[in-house]
Asks: 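Provided herewith is a single structure, encoded as structure tokens, for subsequent inquiry.
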Amino acid sequence: MAEAADFQGTSASPARRWLRRAGALLTGAPLLAGLLQLPVAAPAQAASSGTVSVSLDSLAPSAPTDGDTLTVSGTVTNNGKQAVTDAHVGLQVGPRLTTRSDIDSVARHSDDPQGSTGSEVGDKYEEKFDKLAPGVAQHFSISVPVDKLGLDDDGVYEFGVALSGETSAQPWPRVLGIQRTFLPWQPSDADTKTKTTFLWPLLSTVHMTAKTGAGDLQTPEFLNDDLAKDLAPGGRLAQMVDLGKGLDVTWVIDPDLLASVDAMAVGNYRLQAADGTSTPGPREHQAVAKQWLAALQKAVAGKEVVALPFADPDLASLAHNGTSVTGSLSHLKDATDVAATTVKTVLHVTPSTDFAWPVDGAVDRSIMKVATSAGADRVIARSDSLQETAGLPYTPSAARPVGGGTTAVVADSRLSTAFEGDLSKAGSATLAVQRFLAQSLEVNSQTDKQRSILVAPQRMPTASQAQAMAAAVKALQGGTWTQSQGLTATAKDKPDPAATTRIPSASAYPSSLRRQDLPRTAFEQIARTQAKLDNFRVILSDQSRVVTPFGRAINRDMSTSWRGHRDAAEDYRDGVEDWLDELADQVKLIDKSETKLSGRSATIPVTVQNNLVQPVGHLVLRLESTMPTRLEIGGKAYYEQPVEISGGHSQSVKFTTSANANGRVAVIAQLYTEDGRKYGEPVTFDVKVTEVTPTVMLVIGGGVLLLVLAGFRMYTQRKRAAARQPEDGGPGTAAEDPDEPGNPGAPGGRLPQESDSGSGAGDPEQPSDPAPDTAPESADPSGTGERVDR
């Protein structure tokens, strides 16, 4: 998509520059004449040349000024099958480029050997090679005083490094390979300098899960140990801090990254294992995390820091697929509220939370509405999304009032995308830096009106991309056409009245980005998880132990870093919800088997178990009879009792029941929160009622009476028999008074022992103990049924 219209330069080149160009053409005339006399096939063969690749690995200084010496180094590689002879690498200075589109055009054909960049600087500033064998790379380095380059007017010049030579198949000198780039030329301070804001993004992917340990420290669990690699010296995040500390940039930070590193720095973090368990993280990584945080604190001291909402929520996905799901926008508000606290706690600086940053700065009306719903009144957009429509001959300032008190701060797309792609090779990085500087200088030369330009690079640059970014920013800071400015100041600068403020419709949103949006099902799952969390937190005595880690994990569910990783995002959401289910299930009812109720009334115990480390309360246990006409609970169809249980304990809750008829009745036990919401799964069990009727009670009472009477009769018979015993004892035995003390028949005396074989025919029968009115309880398991307390 086109950006702002380019401004055509009006100043003509001096006469001596024209003469130099004309001289170059005359010098090349004999060669041209020779080429015209060749067979017709020769030009076609020349057109297919380019068998030598030229890599421009270093160009220093990137933006030379008067008195500098330009040093160019790199490699040339013969990719053909024939050796190249009589070769040399020369420097070419092309025409001054007067529009941003001209720069784009040169960049698109930077290695095309057809056409000429310009005349060579001269044979004094070239490097010769007798022979370039196929497949062999040769290094070169050329230094030339800047005043020998023929740079006249201020501006951007096309600059080429070309290898010329011959092959046995085509034995005439020609350009076999070239690499074009740009040379910004602004030897003295510009009359008006562009105010440039460069964002330095410090963001990462999601690392922490929702799981924490049961101890007081709540040891966090990480998905993997990738974060430690990025923090270690030479890692991506380590280089971002090391490179950014000396730059005049605005730091844009995801508080989730700080929270994750801070959790690692405390120590004792754990790493998720494939089998669902976890292993301790290496202890040495604690020192790595502490060192990185200390370096970052020094780097941001005195600098502007912008905090994105926690975990960098995907504003576009939320706008396109989440707003129709109840509660989705509230998560954005929570993420914004916690952002400032996290940054201030970890970095000891107060960040700005006024900015929202949709992915790639792509906006539409729904995104703008969502982005500002959490309190941010400034949205970082990009010029390939918020395109200019007024035909301005220059790039306008970044700030654009778009209505409702909202400001779109529009980043320049050419500058912002300059460091994308693979910059791991020195040649690619050098070209990216030179192109960035060329575009920046061209923006400044478009008009004498001072403007504020924003550069918003990719969210998570690689280490090599960050190195190129740092090189470009250093060149700008030492340059003569820009001055650094913070993001807040750029957002407050006076907007250009002719700049567009019209927000695109949803249909204009790039399809490539829309395909990466989180689906509606993701937000539905997030809403479901939040509902479960709300239900669980009610019963906890220390809600922060659960609400904080799960609240942050739900923020991570919506992270922009999930774009392009839909399966991984789904796995993460599943993990958060599953862990919450597992925790909530630690407070539950214990299953009951069938209960036998033999009588009109009894108590039924129901056990509630709490396997959490903290006490729970605010719970109500309801026991409900499905047939209240047969069995009542507490005198009605159901009865409720409050429940409070200490951590790691169980509690048995007893309910009074009354039976009205025999039979089996299903009873349902269900936990509820105090606000009336069901908690956990119900437990259903049967109560078998065996009611005792009045007639049976009369029979039992009569039987007891008969036993009492029989016992009294036997007692009197024994007493009479004892009284007659002295008369049967033989002559000379005196009859003893049965009432005398010591007489076995007297009260308190001994009765004669009965033989183990029983009494004789005339002896009275030994009665047995009366039978109990209920069967004795066995210590053995009751099988499928349970006895209850009477």
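Worth saying up front: this structure is predicted, and the values here are computed from it rather than measured. Only heavy atoms go into these numbers, but all of them, side chains included; no hydrogens, no water, no symmetry mates. Position 1 is the first residue of the sequence; numbering continues from there.
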Asks: Does a sphere of radius 6.0 Å around NZ in Lys303 hold more than 12 heavy atoms from other residues, nucleotides or ligands, not counting ones at 6.0 Å or beyond?
Replies: yes

Asks: Output all residues satisfying salt bridge (Lys or Arg N to Asp or Glu O under 4.0 Å) with Lys344, sequence neighbours left out; order by chain, then residue number.
Replies: none

Asks: Among side-chain atoms of Tyr394 and Lys449, is any donor-acceptor pair under 3.5 angstrom?
Replies: yes

Asks: Here's one to test your reading of the geometry: is the NZ or CZ of Arg459 within 45 degrees of the ring axis of Trp357 and under 6.0 Å from its centre?
Replies: yes

Asks: Salt bridge (charged side-chain N to carboxylate O under 4.0 Å, His left out) for Arg451 and Asp412? Distances and angles first, verdict last.
Replies: CA-CA 12 Å; Arg451 289 151 295 150; Asp412 185 85; over 6 Å; no

Asks: Kindly determine whether Leu476 and Val473 satisfy side-chain contact (heavy atoms from CB on, under 4.5 Å), including the steps that lead there.
Replies: CA-CA 5 Å; Leu476 281 186; Val473 175; 5.5 Å; no

Asks: Is Asp66 atom CG crowded by more than 12 heavy atoms from other residues, nucleotides or ligands, each under 6.0 Å away?
Replies: yes

Asks: For Ser110 and Gln179, what are the C-alpha separation, side-chain angles and deciding distance, and is it a side chain to side chain donor-acceptor pair (under 3.5 Å)?
Replies: CA-CA 6 Å; Ser110 64; Gln179 182 61 68; 3.2 Å; yes

Asks: Walk me through whether Leu203 and Leu308 qualify under side-chain contact (heavy atoms from CB on, under 4.5 Å).
Replies: CA-CA 10 Å; Leu203 294 87; Leu308 298 177; 3.6 Å; yes

Asks: Using the salt bridge (Lys or Arg N to Asp or Glu O under 4.0 Å) criterion, which residues pair with Arg435? Sequence neighbours excluded.
Replies: Asp104

Asks: Can you spot which of Thr490, Asp496, Thr194, Asp493 makes a side-chain hydrogen bond (donor to acceptor under 3.5 Å, both in side chains) with Ser452?
Replies: Asp493

Asks: Evaluate the criterion side-chain contact (heavy atoms from CB on, under 4.5 Å) for residue pair His139 and Ser73; output intermediate values, then yes/no.
Replies: CA-CA 7 Å; His139 178 76; Ser73 62; 4.1 Å; yes

Asks: Rounded to the nearest 0.5 Å, what separation is found between the CZ atom of Arg236 and the CE atom of Met460?
Replies: 6.5 Å

Asks: Would you compute the distance between atom OG of Ser385 and atom CG of Asp360 and round it to the nearest 0.5 angstrom?
Replies: 9.5 Å

Asks: State whether a side-chain donor-acceptor pair under 3.5 Å links Gln450 with Thr192.
Replies: no

Asks: Decide side chain to side chain donor-acceptor pair (under 3.5 Å) for Thr99 and Ser101; before the verdict, give the C-alpha distance in whole Å, the side-chain angles of both, and the deciding distance to 0.1 Å.
Replies: CA-CA 5 Å; Thr99 69; Ser101 296; 4.7 Å; no

Asks: Show, in sequence, the C-alpha distance, side-chain angles and deciding distance for Phe182 and Leu441, and conclude whether the side-chain contact (heavy atoms from CB on, under 4.5 Å) test is met.
Replies: CA-CA 11 Å; Phe182 310 97; Leu441 178 55; over 6 Å; no

Asks: Applying side chain to side chain donor-acceptor pair (under 3.5 Å) to Ser464 and Ser424, what does each step give before you reach the verdict?
Replies: CA-CA 5 Å; Ser464 57; Ser424 57; 5.4 Å; no

Asks: Between the side chains of Thr395 and Arg414, does any donor sit under 3.5 Å from an acceptor?
Replies: no

Asks: What is the distance from atom CD of Glu304 to atom OG of Ser352, rounded to the nearest 0.5 Å?
Replies: 6.5 Å

Asks: Nearest 0.5 Å, please: how far is CG in Leu257 from OG in Ser204?
Replies: 5.5 Å

